[in-house]
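Structure, as structure tokens:
Being a predicted model, the structure only gives us computed values, none of them experimental. Lettering follows sequence order; numbering is per chain, from 1.
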Number of protein chains: 2
Amino acid sequence: MTQTRTTRLERGRSALGPALELVHTGRAPTRAVLTAELGVTRATAGAVAAELETLGLIRVDSRPRSATGSQGRPSHRLSIEPQGPVVLAAQVHADGFRAALVGLGGNIVATAPGRMTVPADPAHVLGEVVRAGSDLLRQTGRRCLGAGLAVPSAVAEPQGTALNPLHVAWHAGAPVRDIFTERVREAAVFDRDRPAPAVFAGNDVNLAALAEHRHGAGRGSRDLLCVATGHRGVGGALVLDGRLHTGSTGLALEVGHLTVNPEGRPCHCGSRGCLDVEADPLAFLTAAGREAGPEGSLLRQSRDLLRDEYADPAVRAAAHLLIDRLGLGLAGLVNILNPDRVILGGLHRELLGSDPGRLRAVVADRSLWGQSGSVPLLPCTLDHNSLIGAAELAWQPVLDDPLEALTA
Amino acid sequence: MTQTRTTRLERGRSALGPALELVHTGRAPTRAVLTAELGVTRATAGAVAAELETLGLIRVDSRPRSATGSQGRPSHRLSIEPQGPVVLAAQVHADGFRAALVGLGGNIVATAPGRMTVPADPAHVLGEVVRAGSDLLRQTGRRCLGAGLAVPSAVAEPQGTALNPLHVAWHAGAPVRDIFTERVREAAVFDRDRPAPAVFAGNDVNLAALAEHRHGAGRGSRDLLCVATGHRGVGGALVLDGRLHTGSTGLALEVGHLTVNPEGRPCHCGSRGCLDVEADPLAFLTAAGREAGPEGSLLRQSRDLLRDEYADPAVRAAAHLLIDRLGLGLAGLVNILNPDRVILGGLHRELLGSDPGRLRAVVADRSLWGQSGSVPLLPCTLDHNSLIGAAELAWQPVLDDPLEALTA
DNA sequence: TCGCTTTGTGCTCCGTCCGAACAAAACAGG
DNA sequence: CCTGTTTTGTTCGGACGGAGCACAAAGCGA
């Protein structure tokens, strides 16, 4: 009897995956740098780069367009193949969705927005999302290697269900990953002659953090904390060693119920003064004495207020109040997670911009150890970071083992 | 010119390390299981086991003492070589220290306690520790492959300094790792003809968690949270995928300043009602209306009280109060970290034992998502878990690459 | 005793990457 | 323009870890 091999240590034994990841994240602009980053010989790096080019994933330019200025033979330049394959990425938000085709390197190749004025059930919304995506695929004629979805809700793993999809009026526990998978398969978006790739879904803040880690403000971080607020509530995410930390059931970094104001208003969780109700756009508008508009416009409304009426003492006071509460929450998270960098998205990004010194001071004051207190606070820098993060999820199998993903 | 190799992807390319780790943690009792766990062929597993035996680390018994009951040829049994090499492990606590020689598998081969009645500076204490350890080595004649130290303080990385060594009256920022390293090198504890191995230091709760993960209540967990209290303050630790998560500067899981009682007593951190002052032995004794003894006996005093006088309504009320506060803190941590298991040490272990239902209910009630609420809460099971954890730290290089660590 | 099942062992083969020698492409200086 | 220097790319042989296969060994059950 022959032996049954249980593939366990099998994943990505060659340097192909790491090499692609280096080009993907822009850390290997030339073959010489790739050689150094991989820690292999020039011969190996050359073979690896050639194979990735053969697979149609990267481009190797032997004619460097510009002299580097340094001595020696110029190295071949490496870049993502602009006509290469894409993945289907989508983001669902309070009042609509956005579908896109995203290439390696976080390049958005094509994108299409969609609006939904009435709350619609997930099956309908995701059907529209996939229809928009497959339209884009037909128009561009690209090959599609995977699909990823960002939703404004915690996503339970391994089920792939949306647990608190507040903004989109779906029922708690909606199996968004399975629905999305089904719609994508129906649309016949992938190569017909090969096994269909896995389809992914994740929380939008988590995916924003992942995208920022690979292509934005989080580049180079080994221990990245991201905190962001959209319209209601506060979300968090942690990227450890380049991988999203989702916890054992996908529910890690649900930071909304940290206590930041013991005398604060009651929260639906039973406590009071939670970050969720003390540091989101609604809290900001209330603190500034403004009337809150419809749910899907709270972020825009807050952002406009902060930018256009910062001279108004009430607005400034509200900003300071939110900064202080956010700072308290961040300090608690820094004490627990000890990240090497913190990036802020949504309204928190604007608050940081409005008074960086104040927020840094609060965090430094309330987190232990001066060293942790000096953790850098940075704004998110990518447009559509959740969308790009959804694409990262879909690209991951290719990054892990390009050969397997493309030919096996 | 020949190429300069920068060793980067070099670590542990063969299956030797993973195999040793499986035997070390008891997950590979036989060669057949080892084959399955490694996901390699029987031939490879056989070669690997033989090599580990040659290195003197494990024992391969071809004569199984007991029939397995199942059909087929009985597999060779694998076990840690009882006469194999050891590491020097030590733990410093409020009123003394303990030195030990620890083999693979978490086996304490020899141990020696030490007492210090007056606060002593770290250089003196660690000198005594190493003296005790090298005495043990001389008595047993074992080969020593590394050294690890557990201290009741956060340890900053990569400096290896003790940031808040409250119980031992050392100055904040004492370079304990360097001092320990120096003393160990002076004592000529390692093989003379080989480069001296690295020496490690870590926080005692962190190391307890690591030990429990490999040999105790945390076995098999991928996402283990540990919370414990000794005499004063509360410590936390997280073991992710079998590795201690220390954060970017070693200060992760400083959980003492989570707010668990908004109206609580002020804490030195500037806030009030912190876990540190609301859920440690001192808080328990105070709540029970008892006079607190000397610092180094608070845990014993609390434990005795809980065991012997639980009938006393004041004691029971104090226990319930602490359980409620601890539960609030655990719920916050569960929301942030989403562990698959929580283990409790020190007084928290006893509190769990005194009323498991109450603590589980509080955590379930205050952590989001019923699913996370049902995260298992378990007591620590190992004696001297910090000590064994310190040994784990010292064993890690051997587990990562046995060949390199033993012969290179 | 004879199958049946499971595990251990001895070979060959293959893929990945190292190491070294050599070639190519730039710059600097005369 | 030519030459040496520097840096990078290329080619080829070989080491090494592990797969795959055939066969042997060691237990159970009838």
Open item on the list: Nearest to the B/Ala32 side chain among C/dT5, D/dT5, C/dT7, which nucleotide is it?
Closed with: C/dT7
Open item on the list: Can you tell me if B/Ser75 touches the phosphate of C/dG8, counting only side-chain N or O atoms and a distance under 4.0 Å to OP1 or OP2?
Closed with: yes
Open item on the list: Using every non-hydrogen atom in the two residues, find where A/Leu145 and A/Val87 come nearest and quote the distance to one decimal.
Closed with: C-CG1, 4.3 Å
Task: Whole-Å distance separating the CD atom of A/Gln71 from the P atom of D/dT6 - done: 7 Å
TODO: Take atom CD of A/Glu53 and atom P of D/dG9, then tell me their distance rounded to the nearest Å.
DONE: 13 Å
Open item on the list: Check this for me, if you would: do A/Arg214 and A/Glu392 make a salt bridge, where the nitrogen-to-carboxylate-oxygen distance has to be below 4.0 angstrom?
Closed with: yes
Task: Rounded distance in Å - CZ (A/Arg77) to C1' (D/dT8) - done: 14 Å
Task: Selection from D/dA19, D/dT6, C/dC18 that lies nearest to any side-chain heavy atom of A/Val40 - done: C/dC18
Task: Selected nucleotide, minimal atom distance to B/His76 side chain, candidates C/dC18, C/dT9, D/dT6 - done: C/dT9
Task: Candidates D/dT8, C/dG8, D/dT11 - which lies nearest the side chain of A/Ala43 - done: D/dT11
- [ ] For A/Asp61 and C/dA25, give me the distance from atom CG to atom P, rounded to whole Å.
- [x] 15 Å
Task: Interatomic distance, A/Leu403 atom CG to A/Leu52 atom CG [nearest 0.5 angstrom] - done: 9.5 Å
TODO: Identify the two heavy atoms, one from B/Ile343 and one from B/Ala217, that lie closest to each other, and give their separation to 0.1 Å.
DONE: CG2-CB, 4.0 Å
Open item on the list: OP1 or OP2 of C/dC18 versus the side-chain N and O atoms of A/Thr41: is any pair under 4.0 Å?
Closed with: yes
Open item on the list: The side chain of A/Ser14 is closest to which nucleotide in this list: D/dT6, C/dT16, D/dA19?
Closed with: C/dT16
Open item on the list: So if I take every side-chain heavy atom of A/Arg73 and compare against D/dA24, D/dA22, C/dA23, which nucleotide ends up nearest?
Closed with: C/dA23
- [ ] Find the distance A/Leu78:CG to D/dT8:P and express it as a whole number of Å.
- [x] 13 Å
Task: Residue-phosphate contact under 4.0 Å: B/Arg42 side-chain N/O, D/dA24 OP1/OP2 - done: no
Open item on the list: If you compare every side-chain N and O of A/Arg31 against the phosphate oxygens of D/dT8 (OP1, OP2), does one of them come in below 4.0 Å?
Closed with: no
Task: Residue that, paired with A/Leu20, satisfies side chain to side chain contact (heavy atoms under 4.5 Å, CB included) out of A/Leu399, A/Asp401, A/Asp400 - done: A/Leu399
Open item on the list: On DNA chain C, compare the nucleotides closest to A/Thr44 and B/Val33; which residue's is nearer the 5' end?
Closed with: B/Val33
